[in-house]
There are 2 protein chains.
Amino acid sequence: MIYTKTGEYAIRAILFLARQPQDALIMSSEIAEREDIPSHYLAKILQRMAKYGYVDSFKGRGGGFKITKLAQDSSILEIVERIEGPVITLKCVTGLKECSDEHPCPLHDEWSKLRDNIHHLISSKSVRQVASEYNDNLKPIK
Amino acid sequence: MIYTKTGEYAIRAILFLARQPQDALIMSSEIAEREDIPSHYLAKILQRMAKYGYVDSFKGRGGGFKITKLAQDSSILEIVERIEGPVITLKCVTGLKECSDEHPCPLHDEWSKLRDNIHHLISSKSVRQVASEYNDNLKPIK
DNA sequence: CTTTATAAAGAGTTAAATATCCTAAAATGG
DNA sequence: CCATTTTAGGATATTTAACTCTTTATAAAG
Ligand code: FES
Ligand code: FES
């Protein structure tokens, strides 16, 4: 995968929250169960996302998490990179120490284009957009 | 990166060997030094590549490794996948459990195209081709 | 035949990612 | 105030990848 599991869990959780009714509070354990993510581990990820302002958290009875506007307006790339660091790093596909336009390997030109395309793919739409298309496409199938 | 370090080391070693004079025997330690790879670790990788038939190994004084025809004719993808398992797996960029044309997420169509392009990029040229273009492009710069 | 140089093989270590467990803090309901 | 529920935070455990060390096998050179 192009993300680590940690990043994948974060995105799954965020997209899950993005598809819930406005202002609904969802417990960490419920997300874990519905998305099949180790629950304690997800709790940690949600904690971090709360710090970053991607979710609001509410303790105690009736508490839980909800997605913030910030996260709704962020791209998948932004959130994943916040959680796990750079995605698809700048390294050379043939193993050169430096990947640069100046000292390109034989595959550099094509690879740098593809890399840009990947970044564009996961950064051009907001979580809100992805989630709403998700609902459009997927709900009927479920 | 799209490979693990292990896969990257394997490719670096193979491309290094591919650029040596025909039938020259190169010691594991020399490759490690020139390519700046942990030497014992590389030795293990070369061992595995010897088993897979990508390099021939010769023990004793004057011994070392040389690349085989099989490796010369293989693609980078084939070698990396043999060493480290599938590259850029089939998982969904938005975290769906299944990535499939039947139940596509909003980014699926573009992503599956990109994935194919990446695979094509690192599988359409043989190690021999890449190494020779390497020499053409890079030698003057050194 | 002995020494030396090299790869092979296996065991052991370290480090990083992933996952679990336990206690504390906060909010709610009685 | 007390009990319960839920997140917060820290400690610990497990797993996997990365790296190292040691011994053995093999070949060549003297
Ligand atoms: S130099 Fe090889 S991909 Fe950029
Ligand atoms: S279903 Fe999401 S990328 Fe294929």
Side-chain angles (χ1 to χ4, degrees), chain A residues 1-13 17 24-68 80-87 89 91 95, chain B residues 1-13 17 20 24-33 35-68 80-87 89 91 95:
Chain A
M1 201 16 182
I2 62 176
Y3 324 126
T4 66
K5 290 202 179 186
T6 305
E8 185 193 325
Y9 294 158
I11 282 307
R12 298 242 299 271
L17 288 174
L25 288 184
I26 316 288
M27 291 189 296
S28 161
S29 58
E30 183 180 347
I31 305 173
E33 192 174 350
R34 299 277 296 277
E35 288 288 331
D36 196 24
I37 297 172
S39 71
H40 292 285
Y41 195 58
L42 175 62
K44 286 304 167 73
I45 295 171
L46 285 167
Q47 251 176 60
R48 291 173 61 196
M49 292 208 285
K51 276 195 187 160
Y52 299 151
Y54 291 136
V55 296
D56 287 333
S57 67
F58 300 88
K59 290 183 184 176
R61 193 184 284 255
F65 295 89
K66 68 178 196 185
I67 190 171
T68 61
V80 173
E81 293 207 321
R82 198 77 208 272
I83 292 290
E84 69 168 41
V87 165
T89 57
K91 297 186 75 178
Chain B
M1 201 14 183
I2 61 176
Y3 323 127
T4 66
K5 291 203 179 188
T6 304
E8 185 194 322
Y9 294 159
I11 282 309
R12 298 243 299 270
L17 288 173
Q20 303 313 306
L25 288 184
I26 316 289
M27 292 190 296
S28 162
S29 57
E30 182 180 347
I31 306 173
E33 193 174 349
E35 288 288 332
D36 196 25
I37 298 172
S39 70
H40 291 286
Y41 196 59
L42 175 62
K44 284 306 168 72
I45 296 171
L46 286 167
Q47 253 176 59
R48 290 173 62 195
M49 292 209 283
K51 275 195 187 159
Y52 298 152
Y54 291 138
V55 295
D56 286 332
S57 67
F58 299 88
K59 288 183 184 177
R61 191 185 284 256
F65 295 89
K66 67 179 197 187
I67 190 173
T68 62
V80 173
E81 293 207 322
R82 199 77 207 273
I83 292 291
E84 69 168 41
V87 166
T89 58
K91 298 184 77 179

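So you know, we letter chains A, B, ... as the sequences are listed, proteins then strands, and number each from 1. Values below: all heavy atoms of this structure, side chains included; hydrogens, waters and symmetry mates excluded.
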| Under 3.5 Å side-chain donor-acceptor pair for B:Glu84 and B:Thr4 | yes
| field | Selected nucleotide, minimal atom distance to B:Ser28 side chain, candidates D:dA29, C:dA7, C:dA8 | value | C:dA7
| task | Write down the distance between OH (A:Tyr52) and C1' (D:dA8), rounded to a whole number of angstrom. | result | 15 Å
| said: Between A:Tyr9 and C:dA19, is there a contact of a side-chain N or O with OP1 or OP2 at under 4.0 Å? | reply: yes
| task | Kindly say if A:Ser57 contacts the phosphate of D:dA8, meaning a side-chain N or O under 4.0 Å from OP1 or OP2. | result | yes
| said: Counting only side-chain heavy atoms from C-beta out, which of D:dA18, D:dA11, C:dA8 sits nearest to A:Lys44? | reply: D:dA11
| Out of curiosity, B:Ile45 CD1 to B:Tyr9 OH, how far, rounded to the nearest 0.5 Å? | 7.5 Å
| remark: Ranking D:dA29, D:dT7, D:dT5 by distance to the side chain of A:Lys59, first place goes to D:dT7
| note | CG of A:Leu42 to CZ of A:Arg12, rounded to nearest 0.5 Å, is 9.5 Å
| field | Closest nucleotide among C:dT18, C:dA9, D:dT20 to the B:Tyr41 side chain | value | D:dT20
| remark: Whole-Å distance, B:Asp56 CG to D:dT26 P, equals 17 Å
| query | Which sits closer to the 5' end of DNA chain C, A:Thr4 or B:Ala43, going by the nucleotide each is nearest to? | reply | B:Ala43
| message | By nearest atom, which of the nucleotides D:dC19, C:dT6, D:dG9 is closest to the B:Met27 side chain? | response | C:dT6
| Selection from C:dT20, C:dT18, D:dT7 that lies nearest to any side-chain heavy atom of A:His40 | C:dT20
| said: Of the listed nucleotides (C:dA8, D:dT7, D:dT4), which one gets closest to any side-chain atom of B:Phe65? | reply: C:dA8
| said: I want to check something: taking the side chain as every heavy atom from C-beta on, are B:Thr6 and B:Tyr41 in contact at a cut-off of under 4.5 Å? | reply: yes
| At under 4.0 Å, does any side-chain N or O of B:Ser39 touch on OP1 or OP2 of D:dT20? | no
